[in-house]
Amino acid sequence: MHFKIVPAIGPRYWVGIMIASICGANMGDFIPDMLKLSDLGGLLMLALLFAVIALANQLSRRGNEALYWLAILVLRAAATNLADIGIHRTHLDYITVSACVAALLVALLALRRVSSLPPVTYHQRPLLVDHVDCRNARHCAR
């Protein structure tokens with residue numbers, strides 16, 4: 001998936017990533033806590049929201065940088081929900097869940113390398129590593 005407009009890498013980008021990560025992680029906790037959706041229900045809602053954002057990007061003529069940031073926000077929230085599923089439903093600890101997700105990330109990157117898909121761009125990396133980052137941040141905060 002490629003967004004038509006992505007922000008230039010610089011201080012503004014890193015501030016945006018920081019804000020989107022914080023807000024996305026909080027949104028991921030807000031969904032089950034305040035909206036009373038299950039982990040899977042929240043994940044399905046976020047998947048639908050991401051699909052709408054991706055479709056809006058594809059249907060727009062020029063794209064919009066806001067769509068990129070919304071995608072980061074939604075994926076960060078989904079990463080929080082995925083981590084909660086991995087920890088609460090399977091009763092695994094933070095380190096085990098992080099190791100499993102990191103192994104999955106390595107496997108996906110290896111599959112992408114041997115496939116005919118183009119290599120992962122710098123702007124796609126946050127979309128891939130959010131889950132591992134989210135679990136590590138929560139583990140360190142406790």
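Since we're looking at a predicted model, the values are computed, not measured. Quick note: residue numbers are just sequence positions, from 1.
- I9 and L67 end up in the same hydrophobic cluster when Ile, Leu, Val, Met, Phe, Trp and Tyr side chains are linked at under 4.5 Å.
- Both L40 and L82 are assigned to one and the same hydrophobic cluster, defined by single-linkage of ILVMFWY side chains at heavy-atom distances under 4.5 Å.
- Residues N57 and I53 form no side-chain contact, since every pair of their non-hydrogen atoms from C-beta on lies 4.5 Å or further apart.
- S21 places no side-chain N or O within donor-acceptor distance of the main-chain N or O of M18, the cut-off being under 3.5 Å.
- Here CE of M27 is found 5.0 Å from CG of L46. Values are rounded to the nearest 0.5 Å.
- One hydrophobic cluster, built from ILVMFWY side chains closer than 4.5 Å, cannot hold both I95 and V106; they sit in different ones.
- The hydrophobic cluster containing L92 also contains V101, counting ILVMFWY residues as joined when their side-chain heavy atoms lie under 4.5 angstrom apart, directly or transitively.
- Pairing each heavy atom of W69 with each of G16, the nearest pair is CZ3-C, 3.3 Å.
- In terms of heavy-atom proximity, A20 sits nearest to I72 at CB-CG2, 3.6 Å.
- Within the model, atoms CD of E65 and CZ of R12 stand 4.0 Å from one another, a figure rounded to the nearest 0.5 Å.
- Between the CD1 atom in I85 and the OG1 atom in T80 there is a gap of 11.0 Å [rounded to 0.5 Å].
- Nearest heavy atoms, T96 versus D93: OG1-OD1, 2.6 Å.
- The minimum heavy-atom distance between H91 and H88, with the atom names listed, is CE1-O, 3.2 Å.
- Both M34 and M45 belong to a single network of hydrophobic side chains, linked directly or stepwise wherever heavy atoms of I, L, V, M, F, W or Y lie under 4.5 Å apart.
- Pairing each heavy atom of L43 with each of N81, the nearest pair is N-ND2, 3.6 Å.
- Here the closest heavy-atom approach between residue L73 and residue C23 is recorded as CD1-CB, 3.5 Å.
- Between atom CG of residue L37 and atom CD1 of residue I31 there is a gap of 7.0 Å, rounded to the nearest 0.5 Å.
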Exercise. Does the pair I22 and R76 meet the rule for a side chain to side chain contact (heavy atoms under 4.5 Å, CB included), with working shown?
Worked result: CA-CA 8 Å; I22 292 168; R76 182 63 178 197; over 6 Å; no
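- Of the inter-residue distances, the one linking L49 atom CG with L44 atom CG reads 12.5 Å to the nearest 0.5 angstrom.
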